[in-house]
Asker: 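Quick one: structure below, then a few questions.
Position 1 is the first residue of the sequence, and the numbers go up from there.
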Amino acid sequence: MKIAVLISGGVDSAVVVHKLYQEGHDLHLFYIRIGMDNDEGDCSAEEDIEMCSLIARKYNLPLRVVSLHEEYWQHVMDYTLKTVKKGLTPHPDIMCNKLIKFGFFEDRWGKEFDKTATGHYASIKEIDGKLYLATAKDPVKDQTDFLAQISYDQLSHILFPLGNLDKSEVRKIATEANLPNASRKDSQGICFLGKINYSDFIARHLGEKEGPVIEIETGKKIGTHRGYWFYTIGQRKGLGLSGGPWFVVRKNVRDNVIYVSNGYTTPLQYGKEITLTEPNWITIDPIKANEGNPIVISFKTRHSPEFHSGTLSFNEDGHLLLKSDTDIQGIAPGQYAIIYSPDSQLCLGSAMITTPLKKFKKRKTPDILESEHE
């Protein structure tokens, strides 16, 4: 097959090249370049490209560096900033895969090839003649939650050669093949942002605006914050409060107020019902396939190897309602609930969380507690 391989300079995509080369495919390597938000170059990208060049020379393969700089900042990061400004929690990685790697890249270059291969830890299974996004062998590295907004057409053109490997096996293959990046550390942070600090990025675009941190049970001001857009529901670290643990349980966007609650067991940071909107079903609409009746599912609300179980149905308003069998911590509007089959083997799709945390009722509720996301 003639395959476009998205290569990043990391060990995962390098092992993809090695495996597909060993299988005898016609490989063409691509590095997607994204510059800094001030139009300057990114030194980490230069290091990545140098590593990609070493891999290309090792296997005598063509390498193209293609730019999707404007598309990335216009679509992924603009979405991120707008979402944060609304007081919601964005998911730039899920949008990066949908719009950049399997969107603009496919439209401009990938469509010329039989398949596009990436180093994602995910699998594809064929059931009754249809393709399904499936979880990877390595539950810790599984990245299906980052892929849950792609379409069936996109899935049909992708290869995930690492889906049946543990990370340790990938490292072993890289070492045995003498790949130059066999021991290179995995990249961290948001897709394509590299070494850019996320808080610094938000501050550069949205600035800072001091506001009160309120203990929600008492209405007492216990500190100040830099601006509601730096914080997300369920957040514990970075609050700068003593006597913790403290968790962000609510935000008032209009008045720039952060509400926190103390202790790991505070009920205000947990919930069992999650309202969802804008569902993206990759292969089939599971509720429609069940004639509109509730279905049993497993799901995730954050990147983690753990799955939760529950049911998915429509509520009285016609919105998707996810009912969890167990309490879920830090339900953050704007994030995505990733929906899986009951056995957690197939990723069916995803939908955006719209549920605000339940209102806190007390005898004397300060006026500042009255407004929610606006």
Asker: Taking the hydrophobic residues Ile, Leu, Val, Met, Phe, Trp and Tyr, and joining any pair whose side-chain heavy atoms are under 4.5 Å apart, which ones share a cluster with V296?
Answerer: none
Asker: Could you tell me whether a side-chain N or O of D285 sits under 3.5 Å from a main-chain N or O of A289, the two making a donor and an acceptor?
Answerer: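 A pair under 3.5 Å: no.
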Asker: Is there side-chain contact between H205 and M77, with at least one heavy-atom pair below 4.5 Å?
Answerer: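 They are not in side-chain contact.
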Asker: Any chance you could measure H18, atom NE2, to E23, atom CD, to the nearest 0.5 Å?
Answerer: 10.0 Å
Asker: Would you call I274 and S324 a side-chain contact if the rule is heavy atoms closer than 4.5 Å?
Answerer: no
Asker: Just to verify, what does E208 make a salt bridge (Lys or Arg N to Asp or Glu O under 4.0 Å) with, not counting sequence neighbours?
Answerer: R226
Asker: Report yes or no: do L68 and F102 belong to one cluster of Ile/Leu/Val/Met/Phe/Trp/Tyr joined by side chain heavy-atom distances under 4.5 Å?
Answerer: no
Asker: Tracing side-chain links under 4.5 Å among I, L, V, M, F, W and Y, which residues wind up in one group with L54?
Answerer: M51
Asker: Any side-chain heavy-atom pair from I32 and Y72 closer than 4.5 angstrom?
Answerer: no
Asker: Taking atom CD as the centre, does E50 end up with more than 12 heavy-atom neighbours from other residues, nucleotides or ligands that are less than 6.0 angstrom away?
Answerer: no
Asker: Can you confirm whether L320 sits close enough to L312 that some side-chain heavy atom of one is under 4.5 Å from a side-chain heavy atom of the other?
Answerer: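 In contact.
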Asker: Enter the distance from T118:OG1 to I158:CD1 here, rounded to the nearest 0.5 Å.
Answerer: 6.5 Å
Asker: If we count only N and O atoms by modelled type, under 3.5 Å, do the side chains of S341 and Y132 hold a donor and an acceptor together?
Answerer: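 Judged by distance alone, the side chains do not pair up.
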Asker: Using 0.5 Å steps for rounding, measure from the CD atom of Q149 to the CD1 atom of I282.
Answerer: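 Nearest 0.5 Å value for the CD-CD1 distance: 8.5 Å.
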Asker: Can you sort out the partners of K167 under salt bridge (Lys or Arg N to Asp or Glu O under 4.0 Å), two or more places apart, ordered by chain and number?
Answerer: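 K167 satisfies salt bridge (Lys or Arg N to Asp or Glu O under 4.0 Å) with D12, D186 once adjacent residues are dropped.
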Asker: side-chain contact (heavy atoms from CB on, under 4.5 Å), that's the test. Do I127 and L346 meet it? Break it down for me.
Answerer: CA-CA 11 Å; I127 302 174; L346 302 179; 3.7 Å; yes
Asker: Hey, quick one: are F104 and L29 part of the same hydrophobic cluster, counting side-chain heavy atoms closer than 4.5 Å, chains of contacts allowed?
Answerer: no
Asker: Rounded to the nearest 0.5 Å, how far apart are OH of Y31 and CZ of R64?
Answerer: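 Atom-to-atom, Y31:OH and R64:CZ are 15.5 Å apart.
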Asker: Has the side chain of S13 got a donor or acceptor atom that lies under 3.5 Å from a matching backbone atom of S8?
Answerer: yes
Asker: Within a strict 4.5 Å, meaning less than it, do heavy atoms of the T116 and L6 side chains meet?
Answerer: yes
Asker: Less than 4.5 Å apart, side chain to side chain, heavy atoms only: is that true for D317 and T275?
Answerer: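 No. Closest side-chain heavy atoms not under 4.5 Å.
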Asker: Are the side chains of V66 and W109 in touch, meaning some heavy atoms are under 4.5 Å apart?
Answerer: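 Touching, per the 4.5 Å side-chain cut-off.
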Asker: How about K130: does its NZ atom have over 12 heavy atoms from other parts shown lying under 6.0 Å from it?
Answerer: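 12 or below, so no.
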Asker: Quick check against the 3.5 Å criterion: does Q329 have a side-chain atom that pairs as donor or acceptor with the backbone of G234?
Answerer: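 Here the side-chain-to-backbone pair exists.
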Asker: Tell me, do I297 and L322 make a side-chain contact under 4.5 Å, heavy atoms counted?
Answerer: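 Yes - at least one pair of side-chain heavy atoms lies under 4.5 Å apart.
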Asker: Who passes salt bridge (Lys or Arg N to Asp or Glu O under 4.0 Å) against D78, sequence neighbours left out?
Answerer: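 Partners of D78 by the salt bridge (Lys or Arg N to Asp or Glu O under 4.0 Å) criterion, ordered by chain and then number, come out as K82.
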Asker: Please check: side-chain N/O of W73 versus main-chain N/O of I34, any donor-acceptor pairing under 3.5 Å?
Answerer: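 The answer is no, because no donor-acceptor pair under 3.5 Å joins these two groups.
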Asker: Run the salt bridge (Lys or Arg N to Asp or Glu O under 4.0 Å) test against R108 and tell me which residues pass, sequence neighbours left out.
Answerer: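 With sequence neighbours excluded, R108 shows a salt bridge (Lys or Arg N to Asp or Glu O under 4.0 Å) to E71, given in chain and number order.
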Asker: Show the numbers, then the answer: is there a ring pair (Phe, Tyr, Trp, His ring centres under 6.0 Å) between F113 and H28?
Answerer: CA-CA 9 Å; F113 297 84; H28 296 252; 5.2 Å; yes
Asker: To the nearest 0.5 Å, tell me how far T354 OG1 sits from Q335 CD.
Answerer: 13.5 Å
Asker: Would you find a donor on one side and an acceptor on the other, under 3.5 Å apart, between the side chain of N280 and the backbone of A148?
Answerer: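 Checked: pair present.
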Asker: Checking T283 side chain against L131 main chain: does a donor-acceptor pair fall under 3.5 Å?
Answerer: yes
Asker: Okay, side chain of Y21, backbone of V16: is any donor-acceptor separation there less than 3.5 Å?
Answerer: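 Checking the backbone N and O of V16 against the side chain of Y21, no donor-acceptor pair under 3.5 Å is found.
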Asker: Would L20 end up clustered with F30 when hydrophobic side chains under 4.5 Å apart are linked, directly or stepwise?
Answerer: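 No; F30 is not reachable from L20 via cluster members.
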Asker: In terms of hydrophobic clustering (I, L, V, M, F, W, Y; side-chain heavy atoms under 4.5 Å; direct or indirect links), are I7 and L162 co-clustered?
Answerer: yes
Asker: Is the centre of the H225 ring less than 6.0 Å from the centre of the F230 ring?
Answerer: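 No - the distance between ring centres of H225 and F230 does not fall below the 6.0 Å cut-off.
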Asker: Ignoring hydrogens and angles, tell me if any N or O in the side chain of K251 forms a donor-acceptor pair with the backbone of G87 under 3.5 Å.
Answerer: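 Checking the backbone N and O of G87 against the side chain of K251, a donor-acceptor pair under 3.5 Å is found.
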Asker: Quick one about D166 and S168 (side-chain donor to acceptor, distance below 3.5 Å, no hydrogens or angles considered), yes or no?
Answerer: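 No, D166 and S168 have no side-chain donor paired with an acceptor closer than 3.5 Å.
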Asker: Check the side chains of H25 and D114 for a donor-acceptor pair under 3.5 angstrom, ignoring hydrogens and angles.
Answerer: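 Distance-only check fails for D114 and H25.
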Asker: Tell me whether E210 contacts the main-chain N or O of T224 through its side chain, where contact means a donor paired with an acceptor under 3.5 Å.
Answerer: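 Not confirmed, E210 side chain does not pair with T224 backbone.
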Asker: Roughly how far apart are L321 CG and L276 CG, rounded to 0.5 Å?
Answerer: 7.5 Å
Asker: Do side-chain atoms of T83 reach the backbone of Y79 as a donor and acceptor pair under 3.5 angstrom?
Answerer: yes
Asker: Count the heavy atoms of every other residue, nucleotide or ligand shown that sit under 6.0 Å from CG of N60, and state whether that count exceeds 12.
Answerer: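 No.
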Asker: Indicate whether any N or O donor in one side chain lies under 3.5 Å from an N or O acceptor in the other, for D93 and H91.
Answerer: no
Asker: If Ile, Leu, Val, Met, Phe, Trp and Tyr residues are connected whenever their side-chain heavy atoms lie under 4.5 Å apart, and connections chain through other members, are Y59 and L159 in the same group?
Answerer: yes
Asker: Looking just at side-chain N and O atoms, do D142 and T135 make a donor-acceptor pair shorter than 3.5 Å?
Answerer: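 Absent: no donor and acceptor within the cut-off.
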Asker: side-chain contact (heavy atoms from CB on, under 4.5 Å) for Y121 and F160? Distances and angles first, verdict last.
Answerer: CA-CA 7 Å; Y121 284 82; F160 298 125; over 6 Å; no
Asker: Decide if atom NZ of K85 counts as having more than 12 heavy atoms of other residues, nucleotides or ligands within a radius under 6.0 Å.
Answerer: no
